[in-house]
K.L.:
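Just dropping this structure here.
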Amino acid sequence: MEAPATENLAEFLQHRLDKLARWREAGIDPYPYRYDATHRSDQLKADFDRLAESKDEVSASGRIMALRGFGKSTFVHIQDEAGQIQVYFQTNKLGADVYERVGWLDMGDIIGVKGTMFKTRTGEMTITATSFELLTKSLEPLPEKWHGLADKELRYRRRYIDLTVNPDVREVFRKRAQALRELRSYLDGQGFLEVETPVLQPLYGGAVARPFVTHHNALGVQLYLRIADELYLKRLIVGGFHKVYEVCKDFRNEGMDRDHNPEFTMIEYYWAYADYTQVMELTRALFRHLAEAICGGLKVPYGESEIDFDEDWPQRPYLEALGEALASDPVGLSDNELAELCETHGQAAPDGASRARLYDQLFKLTVEPELVSPTFIVDYPKELSPLAKAHRTNPDLVERFELFVGGHEIANGFSELNDPADQRARFAGQVKMRAGGDFEAHVMDEDYIRALEFGLPPAAGVGVGFDRLVMLLTNQRSIRDVLLFPQMRPEAPTDSEHDAERS
RNA sequence: GGGGGUGUAGCUCAGUGGUAGAGCAUCUGCCUUUUAAGCAGGUGGUCGAAGGUUCAAUCCCUUCCACCCUCACCA
């Protein structure tokens, strides 16, 4: 165990250990095995009138979050998953011997209480204890009770404390679980089959990103943690499933910021015999369902503004949206002119940037920040999308959409490219970019081409950034606030650990 | 990687080139319907780390570390 940093902490720990010893000396195990409470705190409150009237014996368990002693009586708030309930200990109710043990309790201890319900003079619903048990002794101090734990680093590193003292954090993760549940039931209801595909992949693909690399000893091969599930899910469409989806943990070996964590959750769904207009409609219906289920309505507060999932969701062609923002047709501009525009909009393009890349940068600078209410940007240039099918009316474009909400990209989908020759050519283009130093470009995936040669029916698919969706639904501005344990730099080893490593 | 910020008691935060502060928590005492309990008295600090300047550094300088914000990278 880590040594206490200061005298104060050492003293604190010693006091707790002394009390722990007192329980043991009294023949009581301070870490017993189970406790069966009759009620949760919210149930006691909801059913209070009946319970107070009948004087039925109730029991509850939880962590002591407040403790006020008055000599021969003591008030305690215990907190369970649903909230807090007050407990009242009195000498003449418990007897002097049992009441003495109340003095062995501390903030943070976990106890079980039996008693009956009543209201104090100030009207608070309270259990008056007829007996109680220590369920777990706590040896660490809780943070300050009024301000809670505010330090973000400590909140992320010691999420268990954050969850204990900050109830709204618990609420965010309840909503996250609810969103996932609703998403599954919605897709299941639409006839989608939930599947699981490999996290460890011999080739990575389906997105433009650098992978985490690992090694399998038995096979003696290099493997990659998946960056996307796309190519496996489409193989399943080849295999005859009509509608599949996966809740995918993906891994990308890239920078971290407010919108990016190296591991994150993507929802991908693929629908055979459908095109991108149909998956757009499905995505819209899914998001509206989630907003209603999680937020209780289609108008969702987000920061200073509000996101309205109820309005029509406009579909704006990529080049048209870009053209409007630039006040000239981007197709008619030379690469040099595009690069100059990047500069005038505040950010120079990297040297030798491809045309698609210049478009992309201009789009991010001018169009993307404006897309607060849900908007589909559709029909992207081909170079940006090596897995999307060419547009049925314009061979320079692909049938692809990205959904923007709150200024962030939330979903991305397209009519799937199913012509094996075209796919091979696109992969070849990617391989060339890769040879040119672009480590994020796709690699050639022969097995995937073979699957297409076997025959992928017309299909469309979507990837949804689930963490970002949860950010919208819970009004959080950082991805770290919707991940229970966001990626952090490992803590520096303590001196003792350091010594242990050296010896 | 660039720019900005933060780091002082367990927690939330003040503060100063000359022996370190508050509130809460903690400890002791009093108190049987309290509730940010109260009253009285205590304990608790390598002022993120290492160097430097200085008679003297928590404060000024340099470097480093962690975290936050921002830009870049990143579908």
Side-chain angles (χ1 to χ4, degrees), chain A residues 4-16 18 65-77 84 86-94 99 102 106-108 118-124 126 128 139-158 161 165 206-210 227-228 230 252-262 264 266 346-350 356-357 360-361 363-365 368 377 380 384-388 400 402-404 408-414 439-440 463 465 468 477-478 480 486 488-492 495:
Chain A
T6 66
E7 277 305 305
N8 192 29
L9 263 194
E11 207 179 288
F12 182 98
L13 179 61
Q14 195 51 56
H15 280 119
R16 293 281 169 117
D18 289 347
M65 299 301 287
L67 191 154
R68 297 179 290 278
F70 295 87
K72 295 201 167 58
S73 74
T74 299
F75 288 91
V76 152
H77 274 99
Q84 299 192 352
Q86 181 166 259
V87 180
Y88 184 43
F89 297 102
Q90 281 184 107
T91 306
N92 56 11
K93 199 125 195 174
L94 292 168
Y99 186 80
V102 175
D106 286 301
M107 294 273 280
F118 81 110
K119 253 185 198 167
T120 62
R121 262 181 222 153
T122 51
E124 179 160 353
T126 302
T128 184
L139 303 176
E140 295 279 338
L142 279 170
E144 209 243 6
K145 63 183 169 188
W146 188 242
H147 298 93
L149 183 67
D151 185 278
K152 284 192 179 176
E153 183 175 356
L154 282 180
R155 287 188 43 221
Y156 297 144
R157 287 193 193 278
R158 305 188 191 163
I161 302 178
V165 300
V208 178
R210 300 178 74 158
I227 59 173
E230 173 155 355
R252 297 188 183 175
N253 205 340
E254 288 165 349
M256 298 159 58
D257 61 30
R258 206 164 72 252
D259 294 311
H260 296 84
N261 195 69
F264 63 102
M266 178 106 91
Q347 187 193 308
R357 185 126 196 96
D360 205 37
Q361 180 159 337
F363 187 86
K364 281 188 174 155
L365 289 172
E368 197 168 310
I377 298 294
Y380 281 69
L384 288 172
S385 320
L387 298 166
R400 172 183 175 190
E402 287 191 330
L403 172 62
F404 290 87
H408 297 293
E409 183 209 334
I410 302 291
N412 173 29
F414 32 84
F439 293 112
E440 290 168 352
R468 293 181 188 176
R477 263 176 252 93
S478 171
R480 298 186 154 196
M488 303 286 280
R489 194 178 294 276
E491 281 185 273
D495 288 348

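Any value given below was found using the heavy atoms of this structure, including those in side chains, with hydrogens, waters and symmetry copies removed. All chains are named by letter (A, B, ...) in the order of the sequence lines, taking the proteins before the strands, and each is independently numbered beginning at 1.
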K.L.:
Under the 3.5 Å rule, do the base of B:C73 and the side chain of A:Asp257 count as making a donor-acceptor pair?
P.N.:
yes
K.L.:
Is there a Watson-Crick or G-U wobble partner for B:C73 with both distances under 3.5 Å, and which nucleotide is it?
P.N.:
none
K.L.:
Is the phosphate of B:C68, meaning OP1 or OP2, less than 4.0 Å from a side-chain N or O of A:Arg155?
P.N.:
no
K.L.:
Rounded to whole Å, how long is the line connecting atom CG of A:Asp151 with atom P of B:C68?
P.N.:
10 Å
K.L.:
Does any nucleotide pair with B:U53 by Watson-Crick or G-U wobble geometry, both distances under 3.5 Å, and what is it?
P.N.:
none
K.L.:
Under the criteria of a ring-centre distance below 5.5 Å and an interplanar angle below 30°, is A:Phe70 stacked with the base of B:C31?
P.N.:
no
K.L.:
Indicate yes or no: at least one non-hydrogen side-chain atom of A:Leu13 is less than 4.5 angstrom from one of A:Leu139.
P.N.:
yes
K.L.:
Using the C1' atom on both, measure B:A22 against B:C47 and round to a whole Å.
P.N.:
15 Å
K.L.:
Looking for any heavy atom pair under 4.0 Å, which part of the strands does A:Leu154 touch: base, sugar-phosphate only, or nothing?
P.N.:
sugar-phosphate
K.L.:
Would you check if A:Phe75 and A:Gln86 make a side-chain contact, meaning some heavy-atom pair closer than 4.5 Å?
P.N.:
yes
K.L.:
Separation of A:Leu149 atom CG from B:G10 atom C1', in whole Å?
P.N.:
11 Å
K.L.:
Could you tell me which nucleotide pairs with B:C64 by Watson-Crick or G-U wobble geometry, both distances under 3.5 Å, or answer none if nothing does?
P.N.:
B:G48
K.L.:
Searching all strands shown, indicate the nucleotide that pairs with B:C13 (Watson-Crick or G-U wobble; both distances under 3.5 Å).
P.N.:
B:G21
K.L.:
Contact class for A:Gly69 (heavy atom, under 4.0 Å): base, sugar-phosphate, or nothing?
P.N.:
base
K.L.:
Name all residues meeting the side chain to side chain donor-acceptor pair (under 3.5 Å) criterion together with A:Glu402; count only those two or more places apart in sequence or in a different chain, and write none if there are none.
P.N.:
A:Tyr380, A:Arg400
K.L.:
Is there side-chain contact between A:Met65 and A:Met107, with at least one heavy-atom pair below 4.5 Å?
P.N.:
no
K.L.:
Who is the Watson-Crick or G-U wobble partner of B:G41, with both distances under 3.5 Å?
P.N.:
B:C27
K.L.:
For atom P, what is the distance between B:U26 and B:U63, given to the nearest Å?
P.N.:
43 Å
K.L.:
Under the side-chain contact (heavy atoms from CB on, under 4.5 Å) rule, what do A:Phe264 and A:Arg252 come out as? Steps first, then yes or no, please.
P.N.:
CA-CA 8 Å; A:Phe264 63 102; A:Arg252 297 188 183 175; 3.6 Å; yes
K.L.:
NA contact type, A:Glu153, heavy-atom cut-off 4.0 Å: base, sugar-phosphate, or nothing?
P.N.:
sugar-phosphate
K.L.:
List in chain and number order the residues that pass side chain to side chain donor-acceptor pair (under 3.5 Å) with A:Glu254, two or more places apart in sequence or in another chain; answer none if no residue qualifies.
P.N.:
none
K.L.:
Can you see if the side chain of A:Arg157 gets near the phosphate of B:C67 - specifically, an N or O under 4.0 Å from OP1 or OP2?
P.N.:
yes
K.L.:
Does B:C67 have OP1 or OP2 sitting under 4.0 Å from an N or O in the side chain of A:Arg489?
P.N.:
yes
K.L.:
Using a heavy-atom cut-off of 4.0 Å across all strands, would you classify A:His77 as base, sugar-phosphate, or nothing?
P.N.:
base
K.L.:
For the side chain of A:Arg68 and the base of B:U34, is some donor closer than 3.5 Å to an acceptor across the two?
P.N.:
yes
K.L.:
Taking any strand in view, what nucleotide pairs with B:U32 in a Watson-Crick or G-U wobble way, both distances under 3.5 Å?
P.N.:
none
K.L.:
How long is the line joining CG of A:Asn92 and P of B:U33, in whole Å?
P.N.:
11 Å
K.L.:
Hey, is the side chain of A:Arg258 poking within less than 4.0 Å of OP1 or OP2 on B:C69, counting only N and O atoms?
P.N.:
no
K.L.:
Whole Å only: how far is the CE atom of A:Met256 from the P atom of B:C74?
P.N.:
17 Å
